[in-house]
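Here's the structure we're looking at; comments come further down.
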Amino acid sequence: MDEQTDSLKQGSAEPLLSVRDLKAEFHQGEDVVHAVRGVSFDIAAGESLGLVGESGSGKSVTAMSILQLLPYPEATHPGGSIVFRGQELMGAPEKTMRAIRGDRIAMVFQEPMTSMNPLFTIGKQISEVLIYHKNMQKDAAYDRTLELLRLVGLPDPEQRINSFPHQLSGGQLQRSMIAMALANEPDILIADEPTTALDVTIQAQILELIKDLQRRFGMALLWITHDLSVVRKMADRICVMSDGEIVEHGSAEDIFMRAQHPYTLRLLASEPKGKPAKAAADAPIIMSANDMKVWFPIKVGLMRRTEGFVKAVDGISVTVQEGHTVGVVGESGSGKTTLGRALLRLLNSEGAIRFEDSEIQGLTVEEMRPLRREMQIVFQDPFGSLSPRMSVARIVGEGLRINNIGATKAEREEMVVQALGEVGIDPEGRNRYPHEFSGGQRQRIAIARAMVLKPRFVVLDEPTSALDRSVQAQIVDLLRDLQERHKLAYLFISHDLKVVRALSDSVVVMKDGKVVEAGPADEVFDDPKEEYTQALLKAAFDLEAVDTAAVST
Amino acid sequence: MLNLMKTTKGFCGVVLMTFLLFVGIGADLVSPRDPLAQDLRARLTEPGGVSAKDGSTYYLGTDPLGRDVLSRIIHGARISLLVGFTAVLISGTIGTLLGLLSGFYRGWLDAVVMRVVDMQLAMPLIVFAIAWMGFFGAGLLSVVLVIGIWGWVQYARFTRSFVLSIKETEYVLASRALGASTPTIIFQHIAPNLIGPVIVMATLQMGHAVLLESTLSFLGVGVNPPTPTWGGMVADGRNYMDTSWWTVVLPGIAITLFVLGANFLGDALRDVLDPKIK
């Protein structure tokens, strides 16, 4: 491996990959989308280049263009050149590209779950790359695969080599994907948001793994991400992309310390910040649950016998006061969404739930109905939570009609207009349909739907997770502003600790349906007691992996 | 409608189906002769042949009983349309309703409906049709009922799976969180999503229904003679096929055109009604 590192370093005077004035367009009928409009950059051997931008900035299209993997002929390149080791890749014959893809230039994708074929074991999929590119014999390929899996730190590689993708966790699969990409010791590894779909503790592990492997193999890294803190950790040089163009580039230090372009500055300023709204410590309790349990039975066989339970929420107590925010943090599968839905009685649960002065556990659907307007929910995905067949005015007005609020149609219309105005959506556009709005605007509409009913308690289920950073910050500000104005009680569910910190008075850390640690936000964030919380915070704020049994792989 | 006509397929579908609809409705006006009138002297006249009786032309020839093939095809269109529309209406209504309910409520209703679906899918249509005709007698009404009852399974399965996926969307959950009752959820959120796909399916099934009607009539368990149907005409002519091709091929072309038109229209409707393409 050292020999290889040396040989690569000799050639570093000449760039390994040189992209010049790359353009990419997508054609759909008459419409043309200019995804990439003249992008140029170089990557030297062994160097890490970060390509940062928000969704739709053209960063992934740029990466796919390098490997000529766009859906041609809908996609075209009206201009530009991509030179790899003196060879023009733009319009190169398929045979040339096949020899390069996965061999000299390898790629790791965002979704490990869909990047592997579910029908073959990971061992077979990785050794296939070796057999195809290196003409290796089956046995030799198997041995090399095992070595690679060991290299990427997959636990129990002898066993896992024969596992199917669904038998591995997201982090383990991403490790396998990396092993596959490294199989032929590529000159360049393109990583397209490889950690975005993973939990923070796993993200930290994968980042460290790739950094380590890059050092050992001496390969160049093209790192594509929307996450500035990730690129800061991973890249030597950074290109900031917006609207298909590179608006600024420089060393990582230059970008973070001396950014010039207004877009870069805005991106840098968009990290969630601010403090939770001030609220009286003795404010009345709006919502509380005591020893709540949500167990889903696992039924097997023809007679649907109950074999065991998935304990999604297993004995959790939580109290939310007027004007306060309780942040619920935890990794995927920790049960935080289930907790939020069970509190609203959208899921059956056990244990006392008190809303204001009344016990709501055990109320029938009919008995709950009058209380619904007092407790609302905002979901993560602003594309799935709005009916595509209703106009915005109807979506926001739905709750008013259902709960018979407002005497006349005109009165309800007035309330809708007001609610939309309050969340920053121009009420003039209320007769348009959700698909005409951007993700951030749609999330504002979803918030307006909840707020128009003047609720007392709102469950915010990852309301910012599907949004770009700059939009996230705006939504956090909006939520905080609404809370102060209406003395709302929030249960804020998120895996994003930065956002939770900006909004919550107190925090509940969940793992496997149980509370790991709970308390005032300052205490939990500044002086975490539990090992798991410490690892979580380290991973989220410093992107550092902590070697502890408390986190999974 | 304008969007529908934009593609070649949509245009062909609309034109074909409109043409057949007008021919079927106005059969009495359009057809040159009485479709039932026999003229044994003119039996199996070639297309373009002249009647010995009054010197008029048989544009598409005559069948083994000397009946005018063109007039019978025109009148057969009426039967085909009638069978197609009514059968689809019956199966669509039963199937969509049962699929909607079983998908929404699950539980025992779902189990019962789906087992009935399985049972019906295990039985060949011909066996079912012959058994039905044995009990209730053949005839137009029987054909419509057999095809209508037979078709509901497709709608039920399709609607059920569709409802299952919509029911789990966040906008339905959001609506529940707003306090919406079950009928509100069904009519406001689920039904509007169903209408488009069900119309598309009904259009495609209409072609299928006409094909079934022809099959049943061909086998002699369909519409009673002498009522002109396309399938029946093929059956009548099949013994003379080697000498008089027009008795089989021409009604066959009519069947093909109808099914093709329905399929084109269905495909085009699917594209137009899909909100993702809009």
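All values below were derived from every heavy atom in this structure, side-chain atoms included, with hydrogens, water molecules and symmetry-related copies excluded.
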Side chain, backbone, both or neither of B/Ile166 within contact of chain A (heavy atoms, under 4.5 Å):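 Contact with chain A: none, neither part.
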Residues of residues 363-385 of chain A with any heavy atom under 4.5 Å of a heavy atom in chain B: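 A/Arg369, A/Arg372, A/Met375, A/Gln376, A/Ile377, A/Phe379, A/Gln380, A/Asp381, A/Gly384, A/Ser385 fall under the 4.5 Å cut-off.
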Sidechain-backbone polar pair: A/Asn403 side chain, B/Leu178 backbone, donor-acceptor under 3.5 Å: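 Yes.
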Around atom [atom1] of [X], are there more than 12 heavy atoms from other residues, nucleotides or ligands closer than 6.0 Å?
{"X": "B/Phe19", "atom1": "CZ", "answer": "no"}
{"X": "A/Asn431", "atom1": "CG", "answer": "yes"}
{"X": "B/Phe22", "atom1": "CZ", "answer": "no"}
{"X": "A/Asn348", "atom1": "CG", "answer": "no"}
{"X": "A/Glu411", "atom1": "CD", "answer": "yes"}

Options B/Ser181, B/Ala180, B/Pro192, B/Ala177, ranked by heavy-atom pairs under 4.5 Å with chain A, top entry: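 So the answer, after comparing B/Ser181, B/Ala180, B/Pro192, B/Ala177, is B/Ala177.
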Most chain A-contacting option - heavy-atom pairs closer than 4.5 Å, from B/Thr169, B/Thr184, B/Asn193, B/Val172: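 When all of B/Thr169, B/Thr184, B/Asn193, B/Val172 are compared, B/Asn193 has the most.
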Rounded distance [0.5 Å steps], OG in B/Ser175 versus CD1 in A/Ile402: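 Answer for the OG-CD1 pair, B/Ser175 versus A/Ile402, is 4.5 Å.
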Pairing of A/Arg449 and B/Glu170 as salt bridge, 4.0 angstrom limit: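 Not counted as a salt bridge, because no side-chain N and carboxylate O are separated by less than 4.0 Å.
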A/Arg401 portion near chain B, given a 4.5 angstrom heavy-atom threshold: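 A/Arg401 touches chain B through side-chain heavy atoms alone.
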Interface moiety of A/Leu386 toward chain B, non-hydrogen atoms closer than 4.5 Å: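 Just its backbone gets close to chain B.
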B/His189: ring-ring contact (aromatic ring centres under 6.0 Å, His included) partners, not counting sequence neighbours: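 ring-ring contact (aromatic ring centres under 6.0 Å, His included) check on B/His189 returns B/Tyr171.
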